[in-house]
Amino acid sequence: MKLADHLTKKEIQQFNQLRKGRRNREKKPDPPPKPKRQENLSQRDWEEIMGTGRDIYKRVNGAVRRR
């Protein structure tokens, strides 16, 4: 059974008026974005992010060797 089967006609009309009222309301505009803080990264941090200090592996005659 549906919800409308349990309500009177007057209650259904009130419910429909509430639904229409919600649709017609204007949405609030989004607040402006907060300014982002810049991180001060050191040279070592940048190298870590880019992965320049990692080991390099190479295949030599079927074996994997670290360079």
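Nothing here was measured: the structure is a model prediction, and the numbers come from that model. For the single chain, residues carry numbers from 1 onward in sequence order. No hydrogens, no waters, no symmetry mates; every other heavy atom, side chains included, goes into these values.
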Give a yes or no on whether Glu48 atom CD has more than 12 heavy-atom contacts from other residues, nucleotides or ligands under 6.0 Å away. no

Which hydrophobic side chains are connected to Ile56, either touching it within the sub-4.5 Å cutoff or through other members that do? none

By salt bridge (Lys or Arg N to Asp or Glu O under 4.0 Å) - contacts of Arg44 (at least two apart): none

So does Lys10 get a backbone contact from the side chain of Gln13, meaning a donor-acceptor N/O pair under 3.5 Å? no

Which other residues end up in the same hydrophobic cluster as Tyr57, if Ile, Leu, Val, Met, Phe, Trp and Tyr are linked when side-chain heavy atoms come under 4.5 Å apart? Val64

Nearest-0.5 Å distance, CG of residue Leu7 to NZ of residue Lys9: 13.0 Å

Not counting sequence neighbours, which residues clear side-chain hydrogen bond (donor to acceptor under 3.5 Å, both in side chains) with Ser42? List them please. Asp45

For Asp55, all residues meeting salt bridge (Lys or Arg N to Asp or Glu O under 4.0 Å), sequence neighbours excluded: Arg66

Taking only residues two or more places apart in sequence, or in another chain, which ones meet Asn61 in a side chain to side chain contact (heavy atoms under 4.5 Å, CB included)? none

